[in-house]
Amino acid sequence: MGFVWITGASGAVGAALARRLNSAGIPLVLTARDRSKLEALAGALKSAPTLICPADVTDRNSAQLAVEAGVAQFGAPEGLVHCVGSIIIKPLHLTAEDELKQAFDANFFSAWNVLRLFVQQAVRHRVHASAVLIGSVAATAGFPNHEAIASAKAAVGALAQSAAATYADRNIRVNCIHPGLTTSAMSSRLTSAPAVVERLAKTNPMGRLGQGEDTAALAEFLLSPAASWITGQQIGVDGGQGRLLVPPKS
């Protein structure tokens, strides 16, 4: 493939995916807000060319500069994995309008910006391409106090499904992964205390929290030719939490 654009590349999923794709020799464009974290990640990637493009992809112009830099260096983008997001856990009646807007900016509008730019380039260059958006198990199953983030991530899933329908005849595939709670800097408020991690793990059918590698492995597959007949799918990587009714472990 030409290159894969990973947004939110410095996070747990994005960094794990970057390592996987780099090992496979795939050129990468890595985007995140923190240049120092991107430089540290890129410094460890030795197997294929890597371009870092610090950007806040909630801003369309910033995202556009990043993808255009990738096109200038590597040609057409053939893969996108959008790993940008946020977490807000608060009941509906206590969620301020600004908090809801922030959730949609970080999760839905960032996805809208990068997917739109990616599709524009793929159409322009007439390439077969694959985009993967990251949703949340909260978008597919009801969890208390998740109204804002569940709504934003459900919108991400709907965006992926509709775009998949629009561009299927151009061989541009779009899928959405819905992870369960994953250990990361973003989730550190929930996952930094061992006692809390143990309690949360007991609520999962498989008895553990997710790791960045869990979602990255599926994203790598969905980008690959092996997944060339998979599009428009909403796929859970959550230890079964979004689908299985399992009593909490004592």
Side-chain angles (χ1 to χ4, degrees), residues 1-8 13-14 16-17 20-21 24 26 29 31 57 60 63 67 76-85 103-104 106-143 146 149-180 182 210 212-244:
M1 45 175 54
F3 73 89
V4 172
W5 184 20
I6 304 176
T7 62
V13 174
L17 179 62
R20 282 174 166 271
L21 297 180
I26 296 172
V29 173
T31 299
V57 295
R60 182 183 59 81
V67 73
E78 296 183 23
L80 163 69
V81 182
H82 180 60
C83 303
V84 173
F104 269 80
N107 295 280
F108 174 71
F109 285 107
S110 67
W112 176 279
N113 287 340
V114 299
L115 183 60
R116 180 172 180 269
L117 290 164
F118 174 75
V119 166
Q120 285 175 340
Q121 291 291 342
V123 169
R124 182 173 302 144
H125 291 274
R126 298 182 179 179
V127 294
H128 294 194
S130 175
V132 180
L133 305 184
I134 306 297
S136 168
V137 66
T140 64
F143 291 88
H146 282 63
I149 189 63
S151 298
K153 288 298 195 181
V156 172
L159 170 63
Q161 196 160 17
S162 187
T166 301
Y167 298 104
D169 63 349
R170 296 176 184 265
N171 282 296
I172 299 172
R173 299 183 294 109
V174 188
N175 293 287
C176 188
I177 299 174
H178 294 286
T182 298
E213 284 286 348
D214 296 317
T215 299
L218 178 57
E220 181 183 25
F221 169 71
L222 290 172
L223 292 173
S224 74
S228 64
W229 211 41
I230 300 175
T231 193
Q233 302 303 309
Q234 313 278 322
I235 308 174
V237 179
D238 58 11
Q241 195 164 26
R243 291 290 182 267
L244 305 181

| Test item: T182 side-chain N/O and G180 main-chain N/O as donor-acceptor pair under 3.5 Å | yes
| Minimal non-hydrogen separation, Q234 against G157, with atom names | NE2-O, 2.8 Å
| Donor-acceptor contact below 3.5 Å, side chain S228 vs main chain P225 | yes
| Does A164 offer a backbone N or O that forms a donor-acceptor pair with the side chain of T231 under 3.5 Å? | no
| request: I would like to know whether V119 and T166 meet side chain to side chain contact (heavy atoms under 4.5 Å, CB included); could you show each step before the answer? | output: CA-CA 11 Å; V119 166; T166 301; over 6 Å; no
| said: Looking at N107, is its backbone amide N or carbonyl O close enough to the side chain of S110 to form a donor-acceptor pair, meaning the two atoms are under 3.5 Å apart? | reply: yes
| field | R173 side-chain N/O to A227 backbone N/O, donor-acceptor pair under 3.5 Å | value | yes
| said: Looking at every non-hydrogen atom in both residues, tell me the closest pair between C176 and V156 and how far apart they are. | reply: SG-CG1, 4.2 Å
| query | Are F143 and Q241 side-chain neighbours, meaning at least one heavy-atom pair lies under 4.5 Å? | reply | yes
| message | Show the nearest heavy-atom pair for residues R20 and E213, with the distance to one decimal. | response | NE-OE1, 2.8 Å
| said: Are the side chains of T31 and V114 in contact, using a 4.5 Å heavy-atom criterion? | reply: no
| note | CD1 (I26) and CG (L223) are apart, to the nearest 0.5 Å, by 7.5 Å
| task | Before giving the answer on side chain to side chain contact (heavy atoms under 4.5 Å, CB included), spell out for H82 and V57 the whole-Å C-alpha distance, their side-chain angles and the decisive distance to 0.1 Å. | result | CA-CA 10 Å; H82 180 60; V57 295; 3.9 Å; yes
| Are the side chain of N175 and the backbone of I230 linked by a donor-acceptor contact shorter than 3.5 Å? | yes
| What's the shortest heavy-atom distance between S136 and K153, and which atoms? | CB-CG, 3.6 Å
| said: Counting only heavy atoms not in R116 (residues, nucleotides, ligands), do more than 12 fall under 6.0 Å from its CZ? | reply: no
| remark: Value for CG (L133) from SG (C83), rounded to nearest 0.5 Å, stands at 9.5 Å
| remark: Interatomic distance, OG1@T7 vs CD1@I134, rounded to 0.5 Å, equals 8.5 Å
| Are any of the side-chain heavy atoms of P179 and D214 separated by less than 4.5 Å? | no
| Y167 side chain near V174 side chain, heavy-atom distance below 4.5 Å | no
| Roughly how far, to the nearest 0.5 Å, is the CG atom of D238 from the CZ atom of R243? | 8.0 Å
| task | List the steps and the verdict of side chain to side chain contact (heavy atoms under 4.5 Å, CB included) for E220 and L17. | result | CA-CA 7 Å; E220 181 183 25; L17 179 62; 4.0 Å; yes
| query | Hey, what do you get for CD (Q233) to CD (Q161), rounding to the nearest 0.5 Å? | reply | 7.5 Å
| task | Measure the CG-CZ distance between L80 and F3 for me, rounded to the nearest 0.5 Å. | result | 9.5 Å
| note | Heavy-atom closest pair (V127 atom, A76 atom, distance to 0.1 Å) is CG1-CB, 3.7 Å
| query | Is the F104 ring parallel, tilted or perpendicular to the F108 ring (thresholds 30°, 60°)? | reply | perpendicular
| task | Please name the pair of heavy atoms, one in G135 and one in H178, separated by the smallest distance, quoted to 0.1 Å. | result | CA-ND1, 3.5 Å
